[in-house]
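Heads up, the thing below is written out as structure tokens.
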Amino acid sequence: MQTRKKYIFLTFLASWLLLFFFGREQLRRFAFFPRRNVAARRSWPRWADRALLHSFAEPRELQGSGDTAQPSPRARRAAQLSTSQGSRCRMESCFDASRCQNGFKVFTYPREHGEPMSESYSKILASIESSRYYTPHPEEACLFVLSIDTLDRDPLSAHYIRSVEQRIRSFPLWNSGRNHLIFNLYAGTWPNYTEELGFDIGHAMLAKASFHSKNFRPGFDVSIPLFPREHPQRGGQSGWLHHNSVPPKKKYLLVFKGKRYLTGIGSGTRNALHHIHNGRDIVSLTTCRHGKDWERHKDTRCDQDNVDYEKFDYQELLHNSTFCIVPRGRRLGSFRFLEALQIPSAVRCIRPERVLAFQQQTQFLWDAYFSSVDKIVHTTLEIIRDRLLPHRSRSRILWNALPGGLLALPDFSTHLGDFPFYYLQHGSGPSDKFTALLRAAPPLGSLSQPTLKLIQAISRSQYCAQILVLWSCEKPPPPSETWPQTAVPLTIIQGRTKLSDRFFPYSAIGTDAVLSLDEHTSLSTSEVDFAFVVWRSFPERIVGFSAWSHFWDPEQKRWGYTSRWTNKLSIVLTTAAFYHRYYHSLFTEYLPAGLRELVDSLTACEDILMNLLVAAVTKLPPIKVTQWKQHKEAASQPVKDTTAGSTRRFSQQQDCLNQLVDWFGSMPLVSSQLRLDPVLFKDQVSVLRKKYRYLEKP
């Protein structure tokens with residue numbers, strides 16, 4: 001009788017909660033609820049549709065540390081019993097920010113010979129040591145990471161490292177854990193699975209999976225996802241939802257497949273899931289077959305549950321379901337209101353466009369932050385970096401909209417309208433002028449006639465604001481009187497001989513658009529004007545003239561590229577291309593120094609790297625615009641040239657492409673068959689009717 005009353009009460013309470021959360025618009029139709037002006041509903045949401053993907057957090061939860069009231073006597077006793085000295089830590093009280101005045105650098109402790117280490121922790125350390133954050137010098141470090149594997153703190157686990165307390169206290173840099181970051185995935189052991197780590201973390205920060213709310217220190221610790229040993233180092237599998245596609249109705253509405261605990265923590269939650277299983281669109285499968293003595297505790301449902309469990313493939317369920325249940329298990333110590341009988345009615349109330357918005361946002365979060373160990377670690381470090389510099393931290397929309405916080409560098413700007421991929425959301429556009437950046441490296445130190453003609457053609461463009469010449473030659477540049485007279489300012493920048501210098505974020509670049517040029521490029525003023533007009537419509541992409549396309553070679557089992565004149569492209573050479581100046585900052589500050597060194601050692605590798613970087617950010621191909629016939633022939637020149645030097649350069653470029661893809665973890669380039677020409681281009685009409693008439697030379 002008591003159980004029946006309990007379920008009646010829970011059902012009544014759940015009904016009111018569901019009515020409140022999913023039926024507020026219907027409630028407002030009654031006279032005793034105030035009406036609001038509701039904007040016209042759009043058909044399908046964009047990736048960051050704030051109307052459909054509104055925040056479920058209150059503003060005060062995101063702006064401060066939450067509860068400021070005095071703790072209760074029970075809470076004070078719990079704090080006294082805690083093994084952590086820093087249970088009340090915050091950045092201002094337990095972190096020495098003065099160590100970070102010269103930059104956000106991370107030092108990893110040297111590995112001791114014979115030190116056991118799990119594959120997952122090796123990946124974490126490798127993510128840091130191959131990143132732009134790493135420094136081998138502890139005196140330069142803002143943050144320290146132990147070489148002791150602290151991921152698995154279950155004493156019954158084979159990966160449990162003992163005597164951690166004594167070892168860390170002997171480290172001269174430990175300093176009671178101040179400015180240290182400790183990674184952890186598993187804590188505690190059977191039967192209670194508390195979050196006991198087995199050592200005092202002191203004032204160190206925790207980057208931990210499955211945090212209990214009472215142990216999490218807001219604004220100090222970082223909650224990370226629990227990832228398996230097989231999780232890729234970098235790249236990661238892409239999501240299953242394609243951009244701008246409306247997903248079909250999935251086979252299943254709601255699924256779960258996992259262990260059912262017969263006793264102890266987590267048993268009550270998962271035992272209740274069998275009530276929702278209908279075998280059609282809602283599938284809830286559990287197995288009792290785990291552990292050493294499961295048969296001693298099995299109930300009347302176990303045999304049938306074990307049989308049903310084997311009938312369905314987990315991956316097939318996951319990929320063909322609209323929703324997946326994530327109930328707590330042994331270790332997930334979060335509090336949940338789970339009334340299993342109410343779940344089906346709750347998910348059936350969600351509108352299709354809302355479901356799509358959820359799918360888009362979860363896939364974005366996966367791609368941006370969780371698909372690899374590198375992204376998990378780098379996201380953790382960037383969260384800490386934002387806390388150190390709150391005046392230059394990323395806004396919520398920078399974290400929660402494409403391309404994500406890792407690719408929106410706060411050192412460049414924290415204003416949405418300064419980034420090329422937020423113009424539409426911000427309701428703005430790029431500036432109406434461009435800066436031409438010409439890299440000149442003449443072997444004899446003198447300017448050629450084609451270079452002088454190029455400068456004059458660029459300066460005559462109505463959209464040109466200035467011309468910067470990057471002098472990348474050991475000999476000094478020619479005197480000023482030998483340079484051509486131009487209608488716009490012409491500035492000489494003394495550079496080095498490194499190819500990557502062409503993508504340095506020079507302070508002299510004062511426009512959003514950069515026209516990247518090479519001294520061997522030949523362009524007319526009309527070509528420049530038309531390409532810039534096209535770029536202003538696609539400011540997040542590379543827009544240029546000469547194009548290559550990549551391909552997978554199944555015999556060599558490696559990536560290759562071709563510069564043959566085909567109907568497909570994925571790379572636009574930056575020897576004559578427009579792009580946003582932000583990509584200079586991203587190239588220099590986001591990419592590790594090792595990649596820039598690779599670019600400097602291989603011919604034309606900088607073109608490939610910039611294209612891969614922009615494609616990784618935008619998930620879009622570059623855009624090719626029309627060009628003269630001689631440019632078409634020049635684009636094919638590397639294939640026709642069979643000299644030893646050309647063959648060596650071509651081989652280096654192929655090696656460059658594969659080494660860069662290995663760093664990105666996957667091939668980010670996107671193929672396209674689009675070429676944009678002016679209206680009436682090549683049409684049999686009078687040239688007087690054509691705006692860019694000089695593009696059609698005989």
Side-chain angles (χ1 to χ4, degrees), residues 64-66 71 76 78-112 115 121 124-125 127-129 131-151 153 161 163-185 187 195-209 211-212 214-224 376-393:
S65 59
R76 286 196 295 268
Q80 293 170 358
L81 294 174
S82 173
T83 59
S84 169
Q85 297 176 1
S87 59
R88 313 299 288 176
C89 270
R90 297 295 183 268
M91 294 297 291
E92 59 272 13
S93 60
C94 295
F95 195 93
D96 183 6
S98 64
R99 295 195 61 101
C100 310
Q101 293 179 353
N102 296 323
F104 186 74
K105 293 296 181 180
V106 184
F107 175 79
T108 58
Y109 279 64
R111 295 171 178 80
E112 298 182 9
E115 175 75 24
Y121 201 66
I124 289 176
L125 295 183
S127 296
I128 298 173
E129 292 167 358
S131 72
R132 67 186 188 277
Y133 312 102
Y134 177 68
T135 176
H137 309 293
E139 65 274 10
E140 299 177 355
C142 167
L143 193 65
F144 300 86
V145 177
L146 299 173
S147 61
I148 302 174
D149 188 347
T150 56
L151 290 185
R153 301 308 298 161
I161 306 297
S163 305
V164 174
E165 179 85 27
Q166 293 80 359
R167 294 175 61 184
I168 60 176
R169 287 184 179 274
S170 66
F171 295 154
L173 297 172
W174 176 243
N175 190 23
S176 298
R178 194 175 293 269
N179 288 54
H180 280 67
L181 176 64
I182 294 174
F183 287 90
N184 175 253
L185 297 180
E195 296 189 28
E196 174 61 50
L197 295 178
F199 66 96
D200 186 358
I201 65 172
H203 296 145
M205 291 179 287
L206 269 178
K208 177 175 165 49
F211 255 120
H212 196 292
K214 71 177 182 180
N215 296 328
F216 180 76
R217 297 167 294 182
F220 193 70
D221 292 326
V222 180
S223 180
I224 63 174
I376 293 173
V377 173
H378 295 176
T379 301
T380 301
L381 297 179
E382 286 297 325
I383 290 173
I384 297 172
R385 191 171 185 264
D386 271 6
R387 292 171 180 172
L388 290 170
L389 302 169
H391 60 289
R392 290 166 57 187
S393 62

Is the backbone of Ala141 close enough, under 3.5 Å, to the side chain of Arg99 for a donor and an acceptor to pair up by distance?
yes
Side-chain heavy-atom pair Leu389, Phe104 within 4.5 angstrom cut-off
no
Within this structure, what is the CZ-CZ distance for the pair Arg88 and Phe220, rounded to the nearest 0.5 Å?
13.0 Å
Which heavy atom of Glu196 sits nearest a heavy atom of Phe199, and at what distance?
OE2-N, 4.1 Å
Roughly how far, to the nearest 0.5 Å, is the OG1 atom of Thr380 from the CZ atom of Arg385?
14.5 Å
If you measure from CG on Leu143 to CG on Asp96, what distance do you get to the nearest 0.5 Å?
12.0 Å
Is the count of non-hydrogen atoms from other residues, nucleotides or ligands lying under 6.0 Å from Asn175 atom CG greater than 12?
yes
Glu195 side chain to Asn215 main-chain N or O, any donor-acceptor pair under 3.5 Å?
no
Give the C-alpha distance, both sets of side-chain angles, the deciding distance and a yes or no for side chain to side chain contact (heavy atoms under 4.5 Å, CB included) between Ser131 and His378.
CA-CA 8 Å; Ser131 72; His378 295 176; 3.6 Å; yes
Heavy-atom donor-acceptor pair, Ser176 side chain to Arg178 backbone, under 3.5 Å:
no
Scanning both residues in full, the closest heavy-atom pair of Asn184 with Lys208 reads OD1-NZ, 3.0 Å
Could you give me the CA-CA distance, side-chain angles and deciding distance for Glu165 and Asp200, then say whether side chain to side chain contact (heavy atoms under 4.5 Å, CB included) is met?
CA-CA 7 Å; Glu165 179 85 27; Asp200 186 358; 3.6 Å; yes
Note: Ala207 and Ile224 closest approach over all heavy atoms is O-CD1, 3.6 Å
Do Thr150 side-chain atoms and Phe183 backbone N/O form a donor-acceptor pair below 3.5 Å?
yes
Given side chain to side chain contact (heavy atoms under 4.5 Å, CB included), test Arg90 with Arg217 step by step and report yes or no.
CA-CA 7 Å; Arg90 297 295 183 268; Arg217 297 167 294 182; 3.7 Å; yes
Side-chain contact, heavy-atom cut-off 4.5 Å: Leu381 with Leu181?
yes
Taking the side chain from His137 and the backbone from Glu139, do they hold a donor-acceptor pair closer than 3.5 Å?
no
How long is the straight-line distance from CD1 of Ile182 back to CD1 of Ile201, given to the nearest 0.5 Å?
5.5 Å
Minimum-distance pair of heavy atoms, taken over all atoms of Phe95 and Cys142:
CZ-O, 3.6 Å
Side chain Ser93, main chain Cys89, donor-acceptor under 3.5 Å
no
Looking at Glu382, is its backbone amide N or carbonyl O close enough to the side chain of Arg387 to form a donor-acceptor pair, meaning the two atoms are under 3.5 Å apart?
no
How are the rings of Tyr109 and His180 set to each other: parallel, tilted or perpendicular (split at 30° and 60°)?
tilted
Rounded to the nearest 0.5 Å, the CG atom of Leu146 sits from the CZ atom of Phe171 at a distance of 6.5 Å
If you look at every heavy atom in Thr135 and Phe107, which pair is closest and at what distance?
O-CD1, 3.5 Å
Minimal non-hydrogen separation, Ile128 against Tyr134, with atom names:
O-CB, 3.1 Å
Quick one: pull up CG in Asn179 and CH2 in Trp174 and give me the separation to the nearest 0.5 Å.
11.0 Å
Please lay out, stage by stage, how Arg167 and Glu112 fare under the test side chain to side chain contact (heavy atoms under 4.5 Å, CB included).
CA-CA 12 Å; Arg167 294 175 61 184; Glu112 298 182 9; 3.5 Å; yes
